[in-house]
Amino acid sequence: MNDLQAIVENAKAAFVQAVTPAELENAKALYLGKSGRITELMKGMSALTVEEKKSRGAAINLAKQAIEAALTQRREALAEGQLQAQLLAEALDVTLPGRQRGMGGLHPVSITLERIETIFGSMGFDVAQGPEIESDWFNFTALNTPEDHPARSMHDTFYVEGGVEGVPNLLRTHTSPMQIRHAVQHVKRYRAAAGADAKDLFSGDMPEIRVIAPGRTYRVDSDATHSPMFHQCEGLWIGENVSFKDLKFVFTDFCRKFFESDDLVLRFRPSYFPFTEPSAEIDIQFQTGPQAGRWLEVAGSGQVHPNVVRNMGLDPEKFIGFAFGMGPDRLTMLRYGVNDLRLFFDGDIRFLAQFQ
Ligand code: PHE
């Protein structure tokens, strides 16, 4: 083996030993680089005769080409190996089930609100929506709860900035302000048509007010059965001849439809609200099932106070009716047997998905 063949063989061996592109480039430098073996041989030719240069130069060139060919071959092999390794590392397991986009669904409390709207809708009730940031007037004063009235302390109120003449706005503590807001709109519409002032408006001029107002309400309160944000649904029925008897009938009918059971009993327990007189707490009792025998409070209610009827723009001598305010969160807990209200508002998809 002459010197050139030996260099070529050494170079080939060095290339095969290189297992990364960086190692290969280092090995290349040893043979083809500026001070590599081949370059050194070229430089060493200066002492030769022209004839010698010709044959020696051709031989060196052949060796160089052989080394370059080996280099290219090794480069391609390494690149191929790298590609294979990458493909292996990034391999897709096509047998894994695909990740699907969730179907989504209604929140359990929304399901309850829809049920409430459907059931009361079937009894001829409209559905009204109102603001969650409310004025002191609608939340308290118009509902026969003037400033300094002790009943205000029944509500732990969140006050917010804004408001008029030093009276702050607040986050509504109940949906009862909707009694006033809705009734005032209703009365205005028909008073104009009848050409009557508040005192002269008769029910013949105006359809009865029959409305529910579901929505979010807020109080400074937080434990397993109270959340600072919770839901209420107000009910209001005002007419010429609407009595407590109607309230009892309507609410009993609602509960039986809501719980899909005739096997429950209602109790109207005397209570106090500034905006109703007389007032009653409504309790229900299941006769069967896990809750059987326990009295469960589901709503406040009562005959609308004459001062409130007046604030609706109606003559309390001519118009009478009832109102109730119930807790859809509570109804949802009872319907599904959930014992911690906070679960509804944590947003845990594992909990919420169970209701779809
Ligand atoms: N607004 C009352 C509450 O939040 C409930 C209620 C509504 C009572 C309507 C009577 C009439 O406690």
Side-chain angles (χ1 to χ4, degrees), residues 113 116 120 125-128 130-132 134-146 149-158 170-184 209-221 225-239 242-252 254-255 266-284 296-312 316 319-331 341:
L113 292 172
I116 293 173
F120 276 101
F125 281 73
D126 294 328
V127 179
E132 291 168 29
E134 193 47 285
S135 71
D136 186 87
W137 164 259
F138 284 111
N139 197 80
F140 288 124
T141 310
L143 291 166
N144 199 34
T145 319
H149 192 291
R152 284 198 179 206
S153 63
M154 288 160 69
H155 297 199
D156 295 304
T157 310
F158 285 110
L170 45 82
L171 297 183
R172 64 179 180 187
T173 58
H174 52 177
T175 44
S176 298
M178 284 308 294
Q179 289 186 33
I180 306 288
R181 283 186 179 275
H182 180 79
V184 163
I209 299 170
R210 217 181 293 167
V211 69
I212 59 166
R216 282 185 280 269
T217 47
Y218 303 85
R219 288 186 206 177
V220 186
D221 217 349
T225 53
H226 295 90
S227 148
M229 186 289 299
F230 57 105
H231 295 83
Q232 277 200 346
C233 181
E234 198 75 8
L236 177 70
W237 186 351
I238 299 276
V242 182
S243 75
F244 226 94
K245 180 184 72 194
D246 298 302
L247 168 62
K248 279 190 148 180
F249 174 78
V250 161
F251 211 84
T252 304
F254 163 72
C255 287
L266 272 74
R267 171 173 84 177
F268 288 73
R269 180 164 42 86
S271 185
Y272 172 78
F273 299 101
F275 33 92
T276 46
E277 181 61 37
S279 303
E281 218 79 58
I282 306 178
D283 302 335
I284 63 173
L296 308 158
E297 185 183 315
V298 291
S301 68
Q303 184 171 301
V304 179
H305 193 286
N307 286 346
V308 175
V309 175
R310 209 168 281 122
N311 287 331
M312 292 171 176
F319 289 92
I320 193 165
F322 63 77
F324 58 82
M326 60 181 158
D329 305 330
R330 188 82 203 282
L331 293 178
L341 174 66

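We count ligands from 1, going down the list as the structure has it; atoms in each ligand are counted the same way. Quantities reported herein were computed from a predicted structural model and do not represent experimental measurements.
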By number and element, which atoms of ligand 1 are closer than 4.0 Å to a non-hydrogen atom of Gln232?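 Counting from 1, the qualifying ligand atoms are 3 (C), 4 (O).
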Ligand-side contact atoms (ligand 1) for residue partner Ala323, heavy atom cut-off under 4.0 Å: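 Numbered from 1, ligand 1 contributes 9 (C), 11 (C).
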What protein heavy atom sits nearest atom 7 (C) of ligand 1, and how far away is it?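 Ranked first by proximity to atom 7 (C) of ligand 1 is Gly325 N, 3.3 Å.
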Protein contact of atom 12 (O) of ligand 1 - nearest heavy atom, named by residue and atom, plus distance: Phe273 CE2, 3.7 Å
Is the terminal nitrogen or CZ of Arg181 (NZ for Lys, CZ for Arg) located under 6.0 angstrom from the six-membered ring centre of Phe138 and within 45° of that ring's axis?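 Yes, a cation-pi geometry.
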Ring centroids only, cut at 6.0 angstrom: are Phe275 and His174 within range, meaning strictly under it?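 For Phe275 and His174, the ring centres are under 6.0 Å apart.
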Tell me if the aromatic rings of Phe125 and Phe324 count as close, with their centers under 6.0 Å from one another.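 Aromatic pair excluded; centres sit 6.0 Å or further apart.
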Between Pro214 and Ala128, what is the shortest heavy-atom contact and its length?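 It is CD-O, 3.6 Å.
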Are any of the N or O atoms of Glu234 closer than 3.5 Å to those of ligand 1?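 It does not: no N or O of Glu234 is found under 3.5 Å from an N or O of ligand 1.
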What do we get for Ser301 next to ligand 1 when only non-hydrogen atoms under 4.0 Å count, side chain, backbone, both or neither?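 Looking at Ser301 and ligand 1, just backbone atoms fall under 4.0 Å.
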Contact region, Phe275 to ligand 1, non-hydrogen atoms below 4.0 Å, reads side chain
Asn144 side chain to Val308 main-chain N or O, any donor-acceptor pair under 3.5 Å? no
Option of least heavy-atom distance to atom 3 (C) of ligand 1 (set: Met178, Arg219, Met326):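 Checking each option, the heavy atom nearest atom 3 (C) of ligand 1 is found in Arg219.
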